[in-house]
A.B. asks: 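Sharing a structure, written as C-alpha cells. Questions coming.
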Number of protein chains: 4
Amino acid sequence: MSGNTIGTIFSVTTWGESHGKAIGAIVDGCPPNIALTEADIQRELDRRRPGRGVAGSPRREEDRVEILSGTFEGKTAGTPISLIIHNTDAASGDYAEIRDLFRPGHGDITYQKKYGIRDHRGGGRASGRETAARVAAGAVARKILDRAGIDIVACTRELGGIRAEGEAQNQIENNTLFCPDDEAARKMKTRIEEARAAGDSLGGIVEILVRGCPAGLGEPVFDKIDADLAKALMGIGTVKGVEIGAGFEAARMSGSVCNDPITPNGFATNNAGGILAGITSGGEIVIRAACKPIASIGREQETVDIHGKAATISVGGRHDVCVIPRIIPVCEAMVAITLADHLLRQTVNRE
Amino acid sequence: MSGNTIGTIFSVTTWGESHGKAIGAIVDGCPPNIALTEADIQRELDRRRPGRGVAGSPRREEDRVEILSGTFEGKTAGTPISLIIHNTDAASGDYAEIRDLFRPGHGDITYQKKYGIRDHRGGGRASGRETAARVAAGAVARKILDRAGIDIVACTRELGGIRAEGEAQNQIENNTLFCPDDEAARKMKTRIEEARAAGDSLGGIVEILVRGCPAGLGEPVFDKIDADLAKALMGIGTVKGVEIGAGFEAARMSGSVCNDPITPNGFATNNAGGILAGITSGGEIVIRAACKPIASIGREQETVDIHGKAATISVGGRHDVCVIPRIIPVCEAMVAITLADHLLRQTVNRE
Amino acid sequence: MSGNTIGTIFSVTTWGESHGKAIGAIVDGCPPNIALTEADIQRELDRRRPGRGVAGSPRREEDRVEILSGTFEGKTAGTPISLIIHNTDAASGDYAEIRDLFRPGHGDITYQKKYGIRDHRGGGRASGRETAARVAAGAVARKILDRAGIDIVACTRELGGIRAEGEAQNQIENNTLFCPDDEAARKMKTRIEEARAAGDSLGGIVEILVRGCPAGLGEPVFDKIDADLAKALMGIGTVKGVEIGAGFEAARMSGSVCNDPITPNGFATNNAGGILAGITSGGEIVIRAACKPIASIGREQETVDIHGKAATISVGGRHDVCVIPRIIPVCEAMVAITLADHLLRQTVNRE
Amino acid sequence: MSGNTIGTIFSVTTWGESHGKAIGAIVDGCPPNIALTEADIQRELDRRRPGRGVAGSPRREEDRVEILSGTFEGKTAGTPISLIIHNTDAASGDYAEIRDLFRPGHGDITYQKKYGIRDHRGGGRASGRETAARVAAGAVARKILDRAGIDIVACTRELGGIRAEGEAQNQIENNTLFCPDDEAARKMKTRIEEARAAGDSLGGIVEILVRGCPAGLGEPVFDKIDADLAKALMGIGTVKGVEIGAGFEAARMSGSVCNDPITPNGFATNNAGGILAGITSGGEIVIRAACKPIASIGREQETVDIHGKAATISVGGRHDVCVIPRIIPVCEAMVAITLADHLLRQTVNRE
C-alpha cells in the first residue's frame, strides 16, 4: 500500500535510494520454468546507461545486476526473484550544499512535507536511478511476453519541440536517441547541445508500440488496460501526460471519423490505439508519454530553504540534459510489466 | 483483481450491467461518524442525469440511490456502505437487432473475445450507465474531502474542437455544459446540434481543478498521486488521454521555464499542476482528460458480425451526442475517490 | 483493506448489518460461462436456515437470495455477481433495552471502542446473520469447484463435549445436526434441550473434509493453503481454534509417527491433512474448527454500560442455543471460497 | 498474490532459497522517523540461531543482517526497508543424494507438483531458513509496537508431550527452551536427547502472550485480528493448529462459563483471549500454535522417487530435533508483523 509495488499476479516491488548501498527489485508471480539469466537482464540495463548518448551526463554507472533468488539451474522456479544492483558511483559529497535547499521541479519539498525526513542526496527514491530497478524487472516481464509473441518497442517522437516522423519500430538504436527519423535526430542533438551550453534542459515525447498482443487483456471497470498503462507510465517521475491511440486529438474528432471501422481483416484504422473499452482488441497498441524537462539545471533558480526563507540555487553535479533517451527503456519496462501482469490475469478466463 | 474495485484504504467496488436489474457500489473503508444521507448522494447523481442539457439523449433515467448498509442514525458506521440504483428505464428491446453485430468504437468485440460471452444490451459493464455508481461513491468520498477542506470542480475545457477560456472554478452550471466561458458554450451548443443532425457525435476535454489539498498526498514510487489520478480517469471508458499541469506542453518547455520557482509564499507558477515527484505540493491540482466522441452514432458504419462476416450498422436507440457534460461529475467523482484514498493513506505518516 | 473482502482472484465482499434493510455479497473474479441460477444459491442458504433443527431459534428468516448482476442468460458473464438478501424479519424493538449495555462475549464493546459508534441492534456486522452472505457466495465458489471435481462436506465432530465418531462424508443431514454418528446425535440433542432449559448455550467442533482436490494449490510463503483456510475459518465470529490433519495432536507425536509415508499409491496415513508445506498434496484435506458457545444467553451476567458502570444483563430475543448446526454450511462456504481462489491462482503456473 | 507478502499497510515480503546466495525481506509501509539500526534487528536474529540450545543442530548460521535501504541517519525514512542476510554456510553437497527423492513430511513433493521444478537443496523456500527473514522483519514491527507500548512474549507451553506450567512472561531465556517452568524444561531436554539418540524428532506447542495492546485493532469481517493472527502463524511451515484464548476448550464450555464477565475494572476472566468479534478488547491476547515434529529424521522412512517408484530414505545432514525453541522468535515475529499492520490500519478510524 506504500506504492512501491505494481502488479497483481505479476508484481514488482522496487527498493533503494539513489545514494544508498544498493537498489533492487523483487519480481513475484513469474511463472516457473522460464529460462532467465543475469545476461537477459543486463542487456536491458545497458540500454539505459548514462553517458550512452549526447543527452547523457558523464556519470558512469556500471549497473551490474545480480539475481539473488528465484531461479534454479537457469530457469525461474516460481518463487520470488530478487534482483540487486549495487551503487558504486554515488558521490554523496556533491549534494552537501543543497542539503537544506529545495530544488525547483524536484520532490525535495514534497518528500519533506510527506515524511518529515528525506534523503537529500540525489533525490533518494525520487531519483531517476530507481528506474534501473524497473528496467531490470521489465526484462523478466519481457521473457513472459516473448513466450506469447508480444513485442514492445519505444521511440523518441518529439524532443525539445522537434518532432520525428516514421514508425516506432523503425527507431534506429545507433542514432543513440531511439529516434525513427534520422533527420530529426540530428536536429534534436543540436538542440541538446544548445540547452547544455545554456545550463538548461529539455523534455520530449516517447511513443511506445506493442505488436502481437492478443485480444482480451484488460479488466473492466477500473483496471482497464489503458488505465493501468497510464498509471504505469505516469508513475515515472518525469511523465506529465499519457495518451492512447489518437489521444488528445480524439477529443477533436467526430464519431464517424474516430470509430475504427471493423472489417473481416481487422480494424481499418487505429484511432483506438489497440484498446476498446479497456480491453486489447488484437490490434497494435500505441501509447505516448509526455516527459517534462529535467529539473536539475545549472541556471540559477528561485527557491526557499527548509525554513521557508527565500534563496537561489544552481544545481551542479552530473546531470543529463534530457531524460530522453534514457527514459525509453524505462517506458518499455513499465509497459512490459503491465502487459505481463494482464496476460497472466487473463488466464483465469481461458480455463 | 477483476478490476471492479479501486482504492486501497478507501475502496469502491461497482457492480451491475446497464440493462440488468440494478447497478450499485460498495464503498468500504470510509471512516466512522461522518454524516451521510441519501440526499447527499442524490445531489451528485442528479448532476449527471441524461437529458439534462442539449448534449443529452431523451432517455429518462431516474437514478434513485438507496443506502442499504453502513450508516446508523445518519452517520457512517465504519462498515461497508452498500449503494443501489435500480434500473427502471432499460429498454432491452432496442438492442435485439445488434445482438450479433459489433458496434465500432465499442467494447462489444473485446468483451466477446475476453469472456466468450457478453451482455449485448447497451454495453453491459462497458456502458456509461456504470458511471452512475461511481458518482454515487464519489459523493461519499467528497464527504471525507469536505472534512479536510478539499474542493473539486471540473469544467468543459474543449468540446468539438471549440476551446473555452476562463478558470474551472468559474464554470457556470446553468449553461448546462459546465463551461467557464459563456461565449464558447454557445458555440459548443451549435456544434452539438449540427452533429446531432448529421447522425454523428463529438468529443471534448474536461479540466479538473482541486483546491485546498494539503501537501504530502501520494505514495512513491508506483502509486504517485498523478499515476493514480491518471488511472482513475483513464478508467472512464471515454477517456483517451490524461495530463497534469502543463502536461504535453511541458514536453516542449525548457527546464528553466517549466520548473515552478519556489517562494516564501508558495510556487510562482503551476506547470507542475500541484504535484512534484508524485506527491501533492499544497498547490492547486490541475488535470485534463481527453474524451473521444461517443461511439454510438446513427450514421452507417462498416463492421463485422460475431462470425466475422462483413456488415454495416447504424446504431439507433437513445444516445447522447457528446459525453460532455455528463462525464463532468464522473471525472469529479474519480478524482474525489482517488484523493480520499490518498488522504487516508497519509494518516499513517502523521502518527 | 477494511476486512470485508476475502480472496485475491476469486474475491468475496460482504456488506450489511443484521437489522438493516438487506445484506449481500459481491462475488468478483468468477470465470465466465459457468451455469448459475438463484436456485443454486438458495439451496445452500436453506441449509443454514434457523429453526431448522433442535438447536435453532424460533426466528423465521426467509433468506431469499436475488442475483442482481453478473449473469447473462443463466451463465456467469465474468463480471461481478451481486447477491442480495433482504431483511424481512428483523425485530429491532427487541434490542432497545440493550442499547446502552455491552453483552458479555459479544462484539458490542469492541465495536464501540473501534469506531466510536455501533449499530446495537442484533450485533450489526458481527451478527451471525452476515454469514448468510458468505453462504450465498460460497454457493458460487462451489460451482467452480464442481467443475474441477472438488467436493466439500462438513460434519459435527463434537457438541457440548459429546464426541461423534464416523467419517465426515457419512454425516446424515436428516438428523438435523450434520452428525455422522446417530447415537452421538441423540445425546447432543438431549444436551441442547438441557442447555435451553437452563438459559445457557453450547459450543462444539466442526470437521470439514475436502475430497478430489488436486495437488499444487497454495502459495508459499504466507498464503499457504492451510494459512488461508485458518484465516477463512477463524474469520467466523464463533471460531476460536483451527487445526489441520492431526492438528494439536501432531505436537505430541514423534517425527517417525507423524510423517505420512509416501507410497506409489499415495500417502499411507494422513496426519498432514492433505497439505505439505502449505500446498495441497492430492490427499483428502481435513480441517477442524472449534466453536465457542453462543454468547447471547438468558441467564443473568455481569457487565457494564457504555459509561463503564456495573450492570447485569439477561439477553432475551430469539437466539439459538448452539451455533451448530447452522455454522456447518458457513464453514463449508469459507472453505469453498478459499479453495476456489487458490484453484484459480494456480492457473498461472499451468501455462 | 504469490503469497510471499503479508500485511496491508505494514507489509513484509520475503525472498530467497535456503541454499541460494542470500535471503531477505522488504519491509514496506513502516512510518518514518523511527530509530532503527542493524543492531536492533541482529538482536532478534541471534535469538533464533541454531545450536543455541539442546534441540539445535550443529549447523552454524551466522545470520548477519544488513539494511540496504529505507533508513537515513539512523531513522526510518518512510521508504521500503530492504534487509539482506547472506547465506554463508549452505552445504549444497549434503543434498545431492536426495535430489530425486521426496522426503516424507516435507514440501518436496508438493513443490514439484505445483511448479514442475524445485530447488531440492534443503527445501528452498519451504526451508526453516526462510523464517530468518521474518524474524528480521518482525524486529522492525516491534519498533512500531514499542512506540505504542505493546509487548509480545512467547514461551514453550508443551514439548514432546511434556506440559509447562506458569505464565508466558515468566519464560526463562537462559533455560534455552523459552520455557516458563524449569522443572518441565529439564524433562523436555531429556526427551530431546532420547529422540536424538533414536534418530527421531519432536513437536510442541508455543504460547504467545501480548500485553499492552489497545482495544479496537482488527477489521471485521474477514480480517478479524484473530483470523489474521491464525493466518500469520499457520503460515509457518511447522504449525498445524492455532487457537485463541480458551481455544478448543471453549468448544466444551457452556456460554455462562465461557463468556468473560465485564466489570468496571475490565474482564473478570480471559476465555476470549483478548479478542471479541475479531477486535482487540484491551485485555491480554493469548494464542497457542501447535508445531508438528521436524520432518527430517535419520530413521529410515518409506517414500517414492520423482518417477513414483518406491524407495526408502534416511535424511542425513544437520537437522534440529525439535523446532522449539528456534520457532519461538518466529512466532513472536509473525504476531508482531500482524499487530503492527493492524495498529496502522486502525489510524484511519481515529481521525
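These figures come from a predicted structure and were not determined experimentally. Below, chain A is the first sequence line, B the second, and so on; all start at residue 1.
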A.B. asks: Please identify, among Asn4(C), Thr5(C), Thr71(C), Ile67(C), the residue contributing the most non-hydrogen atom pairs under 4.5 Å to chain B.
C.D. replies: Asn4(C)
A.B. asks: To the closest 0.5 Å, what do you measure between CG (Leu344(B)) and CG (Leu217(B))?
C.D. replies: 10.0 Å
A.B. asks: In terms of heavy-atom pairs under 4.5 Å with chain C, which of Ile117(B), Thr13(B), Ile84(B) leads?
C.D. replies: Ile117(B)
A.B. asks: Specify which of Tyr111(C), Tyr115(C), Phe10(C) makes the most heavy-atom pairs with chain B at under 4.5 Å.
C.D. replies: Tyr115(C)
A.B. asks: Determine whether the side chains of Asp228(C) and His342(C) contain a donor N or O and an acceptor N or O closer than 3.5 Å.
C.D. replies: yes
A.B. asks: Looking only at heavy atoms, what is the nearest atom pair of Arg121(C) and Ser18(C), with distance?
C.D. replies: O-OG, 3.1 Å
A.B. asks: Under the 3.5 angstrom rule, does the side chain of Thr280(B) hit a backbone N or O of Pro214(B) as a donor-acceptor pair?
C.D. replies: yes
A.B. asks: Looking only at heavy atoms and a cut-off of under 4.5 Å, which of Gly124(B), Ser82(B), Gly16(B) has the most pairs with chain C?
C.D. replies: Ser82(B)
A.B. asks: Heavy-atom distance under 4.5 Å to chain B: side chain of Ile23(C), backbone, both or neither?
C.D. replies: neither
A.B. asks: Look up atom CD in Glu38(C) and atom CG in Leu45(C), then write down how far apart they are to the nearest 0.5 Å.
C.D. replies: 11.0 Å
A.B. asks: Below 4.5 Å from any heavy atom of chain B, which atoms of Ile9(C) appear? Answer side chain, backbone, both or neither.
C.D. replies: both
A.B. asks: Side chains of Glu17(C) and Thr79(B): donor-acceptor distance under 3.5 Å anywhere?
C.D. replies: yes
A.B. asks: Under a 4.5 Å cutoff for heavy-atom pairs, which residue among Gly3(C), Gly70(C), Gly7(C) has the most contacts with chain B?
C.D. replies: Gly70(C)
A.B. asks: Could you tell me which portion of Ser11(C) (side chain, backbone, both or neither) has an atom closer than 4.5 angstrom to a non-hydrogen atom of chain B?
C.D. replies: neither
A.B. asks: Between Pro80(C), Ala22(C), Gly116(C), which has the largest tally of heavy atom pairs under 4.5 Å with chain B?
C.D. replies: Pro80(C)
A.B. asks: Taking the ring centre of each residue, are His120(B) and Phe72(C) less than 6.0 Å apart?
C.D. replies: yes
